[in-house]
4 protein chains.
Amino acid sequence: MRSEAARRAILGATARLFALRGYEHLTIEGVAAEAGVGKQTIYRWWPSKGALVAECLLEGLLLPERLGPRDTGDVRSDLIAWLEEIDELIEQPLGATLFRSLVAAAAENVDVARRLYGSLGATSSLTGRLEAAMAAGELRSDTPMQEIGEALTGATVVRALGRVPATPGSSRRLVNAVIGSVSTDA
Amino acid sequence: MRSEAARRAILGATARLFALRGYEHLTIEGVAAEAGVGKQTIYRWWPSKGALVAECLLEGLLLPERLGPRDTGDVRSDLIAWLEEIDELIEQPLGATLFRSLVAAAAENVDVARRLYGSLGATSSLTGRLEAAMAAGELRSDTPMQEIGEALTGATVVRALGRVPATPGSSRRLVNAVIGSVSTDA
Amino acid sequence: MRSEAARRAILGATARLFALRGYEHLTIEGVAAEAGVGKQTIYRWWPSKGALVAECLLEGLLLPERLGPRDTGDVRSDLIAWLEEIDELIEQPLGATLFRSLVAAAAENVDVARRLYGSLGATSSLTGRLEAAMAAGELRSDTPMQEIGEALTGATVVRALGRVPATPGSSRRLVNAVIGSVSTDA
Amino acid sequence: MRSEAARRAILGATARLFALRGYEHLTIEGVAAEAGVGKQTIYRWWPSKGALVAECLLEGLLLPERLGPRDTGDVRSDLIAWLEEIDELIEQPLGATLFRSLVAAAAENVDVARRLYGSLGATSSLTGRLEAAMAAGELRSDTPMQEIGEALTGATVVRALGRVPATPGSSRRLVNAVIGSVSTDA
DNA sequence: GGCTAATCGAGACGGTACGTCCCGTCTTTAG
DNA sequence: CTAAAGACGGGACGTACCGTCTCGATTAGCC
């Protein structure tokens, strides 16, 4: 019978240390100590550091639960607002570390990658928003939603990795470029 | 007097092991052994694993020297061809590992990130190609080149991380979406 | 209500694993698994690994029930025969391990020590045999029985620990030396 | 190039902890910590806990350098004095633990056993003393020295294991019994 | 053309973390 | 109500690498 208390303590400790020190410096021993738990209890339920992070992600312990774009009826501004929200998150001191660590974790662990792809990326609320826009006639019916989703999130990832500071208006330019050609209000 | 032979052996070993095992499992001891070199010789000239990888990148030991898009006079097809070339590279068994490891390395090391951003991304030959297209009148003069560069490479990165298999036509759809609105032939 | 079946299974498993792997590598978990028993059932009734072994000893699960010297009317030859019997036991591959493990267990656990001392050593059938010999006039009345008992068993222990192979005649020489001076037939 | 400082620190720590806590509770990690040394430095040079103890024994860090019987010209009293010296050593609080731990170590490790057998037992100064006595005509020329040595040390071992407190005169009785029949002064 | 200093390979050193095995205690579940 | 099953916090195992530190044994170039 698995102990829910231990599970929560472990995920909490993981999230705390991950945000603080990054994926590379996250250690199972550190998590065990921080959680007040035996190492074996971690190894019993998670095969790897990556799986631990993936589950934190799933539980919303690393990123705000609702990170997707809102729906105010205007896709363009919704997407811009969303990207700027993310930029802001990254601009914070720990935010950049956290974000890059998530990318590192995704690069090294399939679980994290899938979880992240599903939560930030294509399958997610972003796709939902795009579909809504299409239904509302804001976007053409042949809009390549997956590609657009990947372009938007990808640009953010690339900027975060490249340590490129956000420039005013860059989210607007990005959104305009990416959905400009499929937008019906052009 | 620095030994060029040792330097080459070290970088070669790094590139080999990096492509084979990934960034996470790359160890200085492993590189030293593979290169037939004392560990100190590595530490004497490189401060970290990341720096080692960054220099490999610079020397073209990890990625093909000329990875940017060609210039046939048609930006659209040039970009599509370029993305498909990268997709092909990623499709190969070791290619995916290599690519993801590069992302992991970039996430954890500034040097690698800058090098990679400059070689795949915005500052690079990609930007050059876009500028040429603008000059040739293929793209409008207000084209946000940096954002477009980030969107294109970012989409590729996201797909590689998400382990999303390439779909036929997805490169075309991506390019059309991203430069569609600034393309003068629309 | 203590389960006799469990008790027997546990002691049996202990004896088997002890003879097989030795005292040091005997584990409670191993015993529980081998016996098909919960660990708690062991801890409920025995305080330690040593107590487990001690009880096996008491039950005759580790050493032949009747290990003492026989009484044919001739102490000398009875003692020699007895020592040679033990030598034979030790000569067998598992016998040496078993014997040394018993010594190790005795060194680390009082219960085992007392049990073993009482079963091999002074208080035991050996003393009984010596007393009989004294009564029969084979040994002088001032024979220091405890010391003789300790010398005989001790020599065996020392040889077993020192991994000294038995030499023909060494039991005879030992007995002659040890009881020579108190033997009335000299 | 092996560090002599580390070697000494390790053996010293081993001896200290062994005498203090006994063989069973001696841990490599404890020795490493006590010696201020990395674990790997221990594993690099010694294959096991037993080898560590054996080397301590060899270096005289566990037992007084000269533990054998003296030669005053009278074997009997020399042997008695020697046994009483050992009894005294065992009577001390840490002495008993140390002695039993040595036996446990010998039971579980060949190296320790050989070392101990050679240092306390037959091959040792004890045999030397007996030979001298034989040469001096105190003992008969057919004295079975190995057996006598084993009987004397063995009796001590058995008493120590059995936690039998030393009785006044028991060393005298033991010696008289064991060498009584080969002593020429009878 | 020998001297001196820097660099080389090799690898030991004090450490940190790994993932595994058991410990002895505690809790749940099925008979 | 008992006992199997096994999760729990913890300690130690033996291994892999970390980055630093001596070691001789080559090499430089500078006198």
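Throughout, a chain's letter reflects where its sequence line sits, starting with A, and its residues are numbered from 1.
Here salt bridge (charged side-chain N to carboxylate O under 4.0 Å, His left out) pairs that include residues 35-50 of chain D, with residues two or more places apart or in two chains, are D/Glu29-D/Lys39.
The CD1 atom of C/Ile10 sits 7 Å away from the P atom of F/dA4 (whole-angstrom rounding). Atom-to-atom, CD of A/Glu24 to P of F/dC17 comes out at 15 Å; the value is rounded to the nearest Å. Rounded to whole Å, the distance from CZ on A/Arg8 to P on F/dC8 is 15 Å. One can place NE2 of D/His25 at 16 Å from C1' of F/dC13, the figure rounded to the nearest angstrom.
Annotation: of the two residues near DNA chain E, B/Glu4 and C/Thr27, the 5′-most nearest-nucleotide partner is B/Glu4. Mapping B/Arg44 and C/Gly30 onto DNA chain E via the closest heavy atom, the residue that lands nearer the 5' end is B/Arg44. With the nearest nucleotide of DNA chain F identified for both A/Arg2 and D/Leu26, A/Arg2 has the one nearer the 5' end.
Residue-level contact check: B/Gly36 touches the backbone only, with heavy atoms under 4.0 Å from sugar-phosphate atoms and none from bases.
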Item to complete: Begin from the C-alpha positions of C/Ile28 and C/Leu52 and carry the test side-chain contact (heavy atoms from CB on, under 4.5 Å) through to its verdict.
Response: CA-CA 9 Å; C/Ile28 300 282; C/Leu52 219 40; 4.2 Å; yes

B/S/- along nucleotides 19-28 of chain F (protein heavy atoms under 4.0 Å) is BBB-------

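With sequence neighbours excluded, the residues satisfying salt bridge (Lys or Arg N to Asp or Glu O under 4.0 Å) with B/Glu55 are B/Arg7. Every side-chain contact (heavy atoms from CB on, under 4.5 Å) that B/Ala15 has, sequence neighbours left out, goes to B/Cys56, B/Leu61, B/Leu62. Residues satisfying the side chain to side chain donor-acceptor pair (under 3.5 Å) criterion with C/Arg8, sequence neighbours excluded, are C/Glu4.
A distance-only check finds a donor-acceptor pair linking the side chain of D/Arg163 to the backbone of D/Leu161 [under 3.5 Å].
One finds the CZ atom of C/Phe18 at 8.0 Å from the CG atom of C/Leu57 (value rounded to the nearest 0.5 Å). We find the CD1-OG1 distance between B/Ile90 and B/Thr97 to be 11.0 Å, quoted to the nearest 0.5 Å.
Remark: of the listed residues A/Leu102, A/Val53, A/Val103, A/Leu17, A/Val53 is the sole one forming a side-chain contact (heavy atoms from CB on, under 4.5 Å) with A/Tyr23.
The outermost nucleotides of DNA chain E lying under 4.0 Å from heavy atoms of chain C, listed 5' to 3', are E/dC22 to E/dC26.
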